There are 2 protein chains.
Amino acid sequence: MEAQNNGPSERASNGVIDGPTNPMVTPLLNDLYQFTMAYAYWKAGKHQERAVFDLYFRKNPFGGEYTVFSGLEECIRFIANFKLAEDEIDFIRQSLSTSCEEEFFDYLRGLDCSDVEVYAIPEGSVVFPKIPLLRVEGPIAAVQLLETPFVNLINFASLVSTNAARHRKVAGKSKTLLEFGLRRAQGPDGGVGASKYCYLGGFDATSNVAAGKLFGIPLRGTHSHAFVSSYMSLDEITDKSLRRKDGSSTCEDFVSLVQTWLSKIQLLNGVFGETNQSELAAFTSYALAFPDNFLALVDTYDVMRSGIPNFCAVALALGDLGYKAAGIRLDSGDLAYLSCQARKFFCSIENEFRVPGFGKLIITASNDLNEETLDALNKQGHEVDAFGIGTYLVTCYAQAALGVVFKLVEINNQPRIKLSEDVSKVSIPCKKRSYRLFGREGYPLVDIMTGENEPSPKVGERILCRHPFQESKRAYVVPQRVEELLKCYWPGKSGKTRETLPPLKEMRERCINQLEQMRPDHMRKLNPTPYKQVSVSAKLYDFIHFLWLNEAPVGELQ
Amino acid sequence: MEAQNNGPSERASNGVIDGPTNPMVTPLLNDLYQFTMAYAYWKAGKHQERAVFDLYFRKNPFGGEYTVFSGLEECIRFIANFKLAEDEIDFIRQSLSTSCEEEFFDYLRGLDCSDVEVYAIPEGSVVFPKIPLLRVEGPIAAVQLLETPFVNLINFASLVSTNAARHRKVAGKSKTLLEFGLRRAQGPDGGVGASKYCYLGGFDATSNVAAGKLFGIPLRGTHSHAFVSSYMSLDEITDKSLRRKDGSSTCEDFVSLVQTWLSKIQLLNGVFGETNQSELAAFTSYALAFPDNFLALVDTYDVMRSGIPNFCAVALALGDLGYKAAGIRLDSGDLAYLSCQARKFFCSIENEFRVPGFGKLIITASNDLNEETLDALNKQGHEVDAFGIGTYLVTCYAQAALGVVFKLVEINNQPRIKLSEDVSKVSIPCKKRSYRLFGREGYPLVDIMTGENEPSPKVGERILCRHPFQESKRAYVVPQRVEELLKCYWPGKSGKTRETLPPLKEMRERCINQLEQMRPDHMRKLNPTPYKQVSVSAKLYDFIHFLWLNEAPVGELQ
């Protein structure tokens, strides 16, 4: 079981790509038509023809103007381990027509991706529509078998890391963001994938233990409402002793110490009602188990009348023994108001009882949070330090899918174009290169695609960037910096050097850095300025339109 | 690898529950706080206290009035295989505080679910809010560790099977529904799970080969646009021979036969333009590979000017050799209009060339379909026989999560209630029984919860059904049939008989039958009548309100 202890990111960084994170990711994780087509290609003797496919999306998600690219490492792991097992070949045989020739299955048996090349933008990069995230070259039958798994692995990964980045943007840099979505995620690895890619997109930690183990993501979690209601009264606590933090002595009756503090607090605040005793027992018990990390969920009964005084009593008792409580979590009600009230309460205790730092206890908020509610909290003013975000984050509730596609752009060195009555769906043909051009202030200005053999844009040299389909949209750019976007992650037989896959932490840093590099108006929530991303060189423009006219049928008005 | 060849449903029906479908589903697929709570319970000597939890949801999804329950089998497989591996225990040790006592990890090492009992509504049943789908009893620390995995396994399963059932409802019984969502799903088993549960909810087949192998779901798929554009011209087809279906002879030049038919068709329809030759070559090649199952994607260039005539030429040529073509797929454009035009074309060919059955060729439609677009197609009138549905179906785009919760209702035989300022969030305490009461016409009338020890409702006897929280909402019911909803799926040490888990096909039939049994006004898309589901016996009502008053703090007006 040792392998499981090393996150795949670590393994990948050592250049070893030994199996997918998810054992369900086999070549059978595919649409049947990829296999029927493989047979048809094979039957026609066409299966080894060299094809080039681009993987890209057409529109940024969530009404925004940027996307965080992720899922690449999983694709490379998939390709590195691509091999059909005997029982899988049997199953494909059963699923295709009985008339299929047996030699085809011999071909499948020998099939791997050693002759496939994959070029990609580094994972964690900020990316834009239409620019290929991956360019995949190889024998057409083999490359077709990568379409469904690659699209599946990139679609949700990029969507959820973008969603995480958007939540970070609204919450601000100083807040702690916790991903709490496992239970509401779309299946087990909907949850595990969300945890991984939310971390990549800028979250700080997750509640998901499996993801913590697989990817080395920091874990967070305390207790639930059920823990609170599982207690009836303080009588249930039998072992009441707690050793001082410095080990110098032991308090034999921590419960009494808590009760003493509770009376003082009640006098201070003029609260005469009793706090809930189930809750007080649960908090006390939890503090006895985790004196060093006491964080209490304070809304099971009544936040201000019960949860906060109970929490403070336990926290102050812990303080007497040299422990510092962590803070509270609010999971219902008016989070803006309650967080401010709680902060006031903490500050008054700091002042009254002279407990330095008590006013700065961490306030965590959860309960169906999303971009909108974070934004609303900011506008109202709040005292929350950490947000626990689940359902809306991990299921990408605001937009549950990204439209990643995989299009043939060249076969046997012949460019191919996919036409459509909807211009936004016309594919950009040819094996291409893409570059990001940066301006004087360091911001990226535009991404441009050129033909494979065109000279690359040069720093300080004027280049014409054309919209691929709208004749009038074009601009000259003099780049201050030029970055080629596609790097070689799977060289096949090309002899090129393979880029290493960085650990998850580095991808996360890349993502955070790239987001910070963007011009702020592209990133704002409301009416962001579109990044001028869809651009092609003048030469590629002309070639696209030449092909288009050749392929498109001439209409007849009737 | 043999085990993989039997779907888990088959295995389960044999009473063997040997491992989860998804190897990621281990006890570590959990929120960290379940482990911190387990430690706190253990530290307080409370971990073996017997607790009862209800798993339910609060609101039907998609603005509807029903939900299809699924995910149970995966839960039972999880519980049957619940065992922490040594490396998992190590990881938990690292993740908790260093002050945790080592004996706790010995406890975890010995922990299994042999003392847990699970009662559940059968998978594939139509269910309603607030009625427990599962009741889980056992030592509190063990049962808490089931919360996150169970909620995860049921949430998406029930959501997507409900979504599938809703698509079936709009499409109608006679249509073939194909799930094509793998590439857009939320991760690999977001896709595999969607395929399984869409089938359960009434779909006929999937494109997902992995799901076909795991669960025995029928598979479907032909070819993509890339296949069409990978061809340039008919010259690429080198082996042009095709044996007659009856084996009596071989046609040496199938390509010429296709061309001959194409000329006849062009004369018939007065179409003078050339059809696209890449497309014609691709269709011909595909037919040579799959003469028995020729289904062509006809919208790569121009459906009516190229795709349909090309398809018909190949289909008629196949007919000459004794093969019957399957049909076409439309993946863009005005599906209502194009399907009607295609049907007309097929009929005119049937008449003109006297090819019986040609008019009835299958028309499949895909391209971002959902409940709304199916409904719109119905209103416009269309000739589609089969729908391929992807993104909106499998990601549950209209509502990407179901709010399943898991609430403590009893501990040590003491009922527990979770209060909330939001009445809809107040939990219904006590270990309960639930029944479905049926009326004279066979429709279910109401679901009612009673205390564990109350006598069950009797056929022909009047019983008062009360809304749990609204005093004035109550009704007498005289049931014509009474069905107890919760059955024992995991008996623990109770000695009860364990219900067998039926194969997926049977769950699907249960789902289809139960949906048909519902009164039609509950099922309609627009403003469905709510099913009167949230009901409790008079005795339980009184008890809830007695508890509520005891737990709730008395307010103070200030």
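Please read these numbers as outputs of a predicted model, since none were measured by experiment. All chains are named by letter (A, B, ...) in the order of the sequence lines, taking the proteins before the strands, and each is independently numbered beginning at 1.
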Within 45 degrees of the ring normal and closer than 6.0 Å to the centroid, is that where the cationic atom of A:K46 sits relative to B:Y231? yes
Greater than 12 external heavy atoms within 6.0 Å of B:R416's CZ: yes
Is there side-chain contact between B:Q144 and A:H223, with heavy atoms separated by less than 4.5 Å? no
Examine whether an atom of B:Y392 lies under 4.5 Å from a heavy atom of chain A, and if so say whether it belongs to the side chain, the backbone or both; otherwise answer neither. neither
Under a 4.5 Å cutoff for heavy-atom pairs, which residue among A:R184, A:Q186, A:Q34 has the most contacts with chain B? A:Q186
Roughly how far, to the nearest 0.5 Å, is the CE atom of B:M37 from the OG atom of A:S285? 12.5 Å
Kindly determine whether B:F227 and A:Y41 satisfy ring pair (Phe, Tyr, Trp, His ring centres under 6.0 Å), including the steps that lead there. CA-CA 9 Å; B:F227 183 82; A:Y41 287 134; 5.0 Å; yes
Between A:S229, A:A194, A:P149, A:C100, which shows the greatest number of heavy-atom pairs under 4.5 Å with chain B? A:S229
Toward chain B, the part of A:S306 with a non-hydrogen atom under 4.5 Å: neither
I need the minimum non-hydrogen distance between A:L29 and B:P188, along with the two atoms involved. CD2-CB, 3.6 Å
Measuring only between side-chain heavy atoms, which start at C-beta, is A:N293 closer than 4.5 Å to B:S97? no
Per-residue contact mode, B:L153 against chain A (heavy atom under 4.5 angstrom): side chain
Of the non-hydrogen atoms in B:D189 and A:G190, which two are nearest, and what is the gap between them? OD1-N, 4.1 Å
Could you pull out the closest heavy-atom pair between A:Y286 and B:A40, with the gap in Å? CD1-CB, 3.8 Å
Can you tell me which of B:T391, B:V209, B:N412 forms the most heavy-atom pairs within a distance under 4.5 Å of chain A? B:V209
Show the nearest heavy-atom pair for residues A:I140 and B:S230, with the distance to one decimal. CD1-CB, 3.6 Å
Could you pull out all residues at least two apart from B:V151 that satisfy side chain to side chain contact (heavy atoms under 4.5 Å, CB included)? A:R183, B:L55, B:E147, B:N155, B:V404, B:F406
With only heavy atoms counted, which part of B:A51 is less than 4.5 Å from chain A, the side chain, the backbone, both or neither? neither
Is there side-chain contact between B:L182 and A:D31, with at least one heavy-atom pair below 4.5 Å? yes
Pick one of side chain, backbone, both or neither for A:F150, based on which atoms fall under 4.5 Å of a heavy atom in chain B. neither
Minimal heavy-atom distance between B:F53 and A:A226, with the atoms involved, is CE2-CB, 3.8 Å
Residue, of B:N30, B:I411, B:T98, that accumulates the most heavy atom pairs under 4.5 Å with chain A: B:N30
Note: vs chain B, highest number of non-hydrogen pairs under 4.5 angstrom among A:S224, A:G191, A:P291 is A:S224
A:R329, CZ atom: more than 12 neighbouring heavy atoms under 6.0 Å: yes
Under a 4.5 Å cut-off applied to non-hydrogen side-chain atoms, are B:N22 and A:N22 in contact? yes
Hey, does A:L295 have a side-chain heavy atom less than 4.5 Å from the side chain of B:Y33? no
For the interface with chain B, which of A:T148, A:T222, A:L402, A:T300 has the highest count of heavy-atom pairs at distances below 4.5 Å? A:T222
Work out which heavy atom in B:D87 is nearest to a heavy atom in A:K213; give both atom names and the distance. OD2-NZ, 2.7 Å
Minimum side-chain heavy-atom gap A:T36-B:F290 below 4.5 Å: yes
Using a cut-off of under 4.5 Å for heavy-atom pairs, which of A:N276, A:N152, A:T238 has the most such pairs with chain B? A:N152
Can you tell which of B:M232, B:Q414, B:K425, B:E236 has the highest number of heavy-atom pairs within less than 4.5 Å of chain A? B:M232
Do you know which of A:G193, A:S207, A:G403 has the most heavy-atom pairs under 4.5 Å to chain B? A:S207
Among the listed options B:S95, B:A282, B:A401, B:P218, the residue most often paired with chain A at heavy-atom distances under 4.5 Å: B:A401
Looking at residues at least two apart in the chain, or sitting in another chain, which of them share a side chain to side chain contact (heavy atoms under 4.5 Å, CB included) with B:K43? A:A289, B:Y39, B:E101
Which of B:S332, B:G212, B:S427, B:A44 touches chain A most, by non-hydrogen pairs under 4.5 Å: B:G212
